[in-house]
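All values reported here derive from a predicted model rather than from experimental measurement.
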Amino acid sequence: LTRSFTSQPTAHAQPTWTLLFWTSLAVIVPVIITLWCSAQRSKRKTHMKDFFRKSKHGWHYTDLFNKPTYCCVCSQHILQGAFCDCCGVCADELCLRRADRSLSCKEIMAPSSPDGGMGHRWVRGNVPLASYCAVCKQQCGSQPKLCDFRCVWCQTTVHDDCMDSLADAAQCDLGEFHSLIIPPHYLYRVNKLRRRHPDEYSKLASSCCTGWTPVLVLANTRSGNNMGEALLGEFRTLLNPVQVFDLSELIPSKALQLCTLLPPGSVRVLVCGGDGTVGWVLDAIDTMKLKGQDQFIPRVTILPLGTGNDLSNTLGWGAGYAGEIPVEQVLRNVLDAEVVKMDRWKVQIASKGLYFRKPKVLSMNNYFSVGPDALMALNFHTHREKTPSFFSSRIINKAVYFLYGTKDCLVQECKDLDKRIELELDGERVALPSLEGIIVCNIGYWGGGCRLWEGMGDEPCPPTRLDDGLLEVVAVFGSFHCAQIQVKLANPVRLGQAHTVRLVLKSSKMPMQVDGEPWAQGPCTITITHKTQALMLYHSAEQTDDDDDESTASEAESPTPRDSPRSLGATSTRA
């Protein structure tokens, strides 16, 4: 009996250990397989990356194409593979090297044909959806196989059977956007010039087309909702790839050197990014002026990808781009835009006690502020630097701003700013009410789409303009007051307009920002003076966020600066 009781636990222990073994195996084996697949995938991506870097194509690898796609080499349907965002060639993994050798990409520089024209450059298959044959006007790409042709320059599509009928019209006119594209034969002729002079470029431009205004695309792939990389591919498809630049790989000052090879005064620059990216490009244009390249200065337009996009809103390009209109329409809008001038300002910061140190100098396009909105920007910027992957959506970014604003409503870190700061407008001291923040504006919009100077619009106020050489100075009572202004439930405290603004921070450290770039500043003297004017493109046909945007259009279109009173005093009461 004793022997039977002692052997019973052993009999029960054996199934328990068996169960633990198989359970552990069921958990560990999938983990090992997943890690192995991940390692193989990483190894394959590294190998592909090296191959793509050496290739003449602009290859991009994908695990899943978003539409039925066929290999341009073996004609089979593919799910995993690579595509070239310049010429549109697609290939699966097995055919990728063969495609790279046998299928040529867009040539950014090539001689013209003997008759001075340019032939089509055809790619077979994978034509865009809803494209139509240039010969029979029927839909192309409707069959579930590799079929039909597309010209990589003019985007003309032709059926396989209609190709012979198009032989008589073999010249490519670069399509709808011929006035924006830099033809390969132009760069070829520039490269052959013995004497590179602006007059020679103008002569060569006559062979392109009438009213030729080439556009350069500068995209920041890290702005806002991370659409920059996809937009780069779409612009490379429609334009000459040499016109499209990724600012994470090439700084604006180097990208803009292409302007010096084009006819003076003809170039337009499309900046895809936020207000900070636009400021970066405008600073590079100022550098061109210092080098004596004034005649090559381009006109700047914006495709807003950032969070605030106040400058874009002011110029009529909207509060943010999320793919709601196709890239083709963006280029049409660039063609129709009109040139306006915009004031740019120099912000000089001299720290107290550091007399032998050179003052910090910044450029301002939008606004300068000290107080609660700068504190929100500083907190946001600090956390984005720590975890940049979290701030990849415009909605998330604005939600984080809202949380920091709510926190400041309770804490009030910038309280009693009027006791710590002095303000001078054109040399005249301004008496300050009890406040928490001061904002100096150059443009009509602030805080992600709010007309700060106008407020609720129920009080008369001097008009604002981009080119009047005046700054608008307002005060706010705190974060809650900023929120009320943004939803048009309160007016700001309008302190006045001035050509020169001087602020003296007497004590403590306060948050400050220039065009969304924040920092914490100790006692100092800040002087804001006029720097220069930039040539911008204004899109008057598109409404921005507010319903009463017609006033902005009339302000930007009027070329003559308007005299306005310098100091208005505190014209608003506490909300």
Side-chain angles (χ1 to χ4, degrees), residues 108-109 179-184 186-208 211-220 235 239-273 275-303 311 315 334-335 337-346 361-365 466-467 469 515 529-538 559:
I108 62 174
M109 185 172 63
S179 60
L180 298 178
I181 298 174
I182 301 177
Y186 174 85
L187 294 176
Y188 181 82
R189 292 172 183 172
V190 167
N191 193 43
K192 294 293 183 180
L193 285 177
R194 293 182 179 178
R195 173 175 166 267
R196 294 194 175 183
H197 191 271
D199 294 339
E200 299 293 332
Y201 301 150
S202 299
K203 292 177 183 178
L204 292 179
S206 61
S207 65
C208 296
W212 186 47
T213 55
V215 63
L216 305 185
V217 179
L218 279 62
N220 186 352
F235 281 118
L239 306 172
N240 190 330
V242 77
Q243 299 174 241
V244 185
F245 300 92
D246 184 352
L247 294 181
S248 64
E249 299 177 357
L250 192 71
I251 59 176
S253 57
K254 291 187 177 180
L256 292 174
Q257 287 305 302
L258 182 58
C259 297
T260 61
L261 300 178
L262 297 167
S266 65
V267 183
R268 301 187 173 202
V269 171
L270 175 60
V271 181
C272 305
D275 290 343
T277 307
V278 178
W280 192 15
V281 173
L282 292 177
D283 286 340
I285 292 176
D286 288 343
T287 304
M288 291 179 65
K289 294 179 182 178
L290 295 175
K291 293 179 180 179
Q293 300 173 342
D294 299 63
Q295 57 186 331
F296 297 109
I297 296 302
R299 282 69 175 152
V300 179
T301 183
I302 308 169
L303 185 62
L311 180 57
L315 292 170
V334 172
L335 276 171
E338 54 188 291
V339 180
V340 297
K341 292 182 179 180
M342 183 188 73
D343 294 322
R344 301 193 72 221
W345 301 83
K346 180 173 73 173
V361 178
L362 302 171
S363 296
M364 185 186 89
N365 305 309
L466 290 172
D467 61 349
D515 293 349
T529 55
H530 193 268
K531 179 182 180 182
T532 184
Q533 284 189 325
L535 297 176
M536 310 297 291
L537 290 176
Y538 182 83

Can a donor-acceptor pair be found, under 3.5 Å and without considering hydrogens, that links the side chain of [X] to the backbone of [Y]?
X      : Y      : answer
Asp515 : Asn365 : yes
Arg268 : Leu216 : no
Trp212 : Ile181 : yes
Ser202 : Pro198 : yes
Asn240 : Ile182 : yes

Nearest-0.5 Å distance, [atom1] of residue [X] to [atom2] of residue [Y]:
X      : Y      : atom1 : atom2 : answer
Asp246 : Leu218 : CG    : CG    : 9.5 Å
Lys254 : Glu249 : NZ    : CD    : 12.5 Å
Glu338 : Tyr538 : CD    : OH    : 7.5 Å
Arg344 : Leu466 : CZ    : CG    : 13.0 Å
Glu200 : Leu261 : CD    : CG    : 13.0 Å
Thr301 : Leu535 : OG1   : CG    : 12.5 Å

Measure across [X] and [Y] and return the closest heavy-atom pair with its distance rounded to 0.1 Å.
X      : Y      : answer
Ile108 : Leu187 : O-CD1, 3.4 Å
Ile251 : Trp280 : CG2-CZ2, 4.1 Å
Leu193 : Tyr201 : CD1-CE2, 3.9 Å
Leu204 : Tyr186 : CB-CE1, 3.6 Å
Phe235 : Cys272 : CE1-SG, 4.0 Å
Val267 : Cys259 : CG1-SG, 3.8 Å

Checklist entry - Does one side chain, of Lys346 or Ser363, offer a donor that lies under 3.5 Å from an acceptor on the other? => result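 Looking only at side-chain atoms, Ser363 and Lys346 do not form any donor-acceptor pair under 3.5 Å.
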Checklist entry - Could you walk me through whether Met536 and Leu282 pass the side chain to side chain contact (heavy atoms under 4.5 Å, CB included) check? => result CA-CA 10 Å; Met536 310 297 291; Leu282 292 177; 4.0 Å; yes
Using side-chain heavy atoms (C-beta onward) and a distance below 4.5 Å, is [X] in contact with [Y]?
X      : Y      : value
Val215 : Leu239 : yes
Leu311 : Met342 : yes
Asp467 : Val340 : no

Item to check | Ion pair Lys291/Asp286, N-O distance below 4.0 Å | outcome: no
Next on the checklist: Test side chain to side chain contact (heavy atoms under 4.5 Å, CB included) on Ile297 and Met288; report intermediate values, then the result.
Outcome noted: CA-CA 7 Å; Ile297 296 302; Met288 291 179 65; 4.0 Å; yes
Checklist entry - Taking it one step at a time, do Gln293 and Gln257 satisfy side chain to side chain contact (heavy atoms under 4.5 Å, CB included)? => result CA-CA 10 Å; Gln293 300 173 342; Gln257 287 305 302; 3.6 Å; yes
Checklist entry - Of all residues at least two apart in sequence or in a different chain, which pass the side-chain hydrogen bond (donor to acceptor under 3.5 Å, both in side chains) check with Gln533? => result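 By the side-chain hydrogen bond (donor to acceptor under 3.5 Å, both in side chains) rule, Gln533 matches Asp343.
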Item to check | CA sep, side-chain torsions, deciding dist, call: Thr277, Leu247, side chain to side chain contact (heavy atoms under 4.5 Å, CB included) | outcome: CA-CA 9 Å; Thr277 307; Leu247 294 181; 3.6 Å; yes
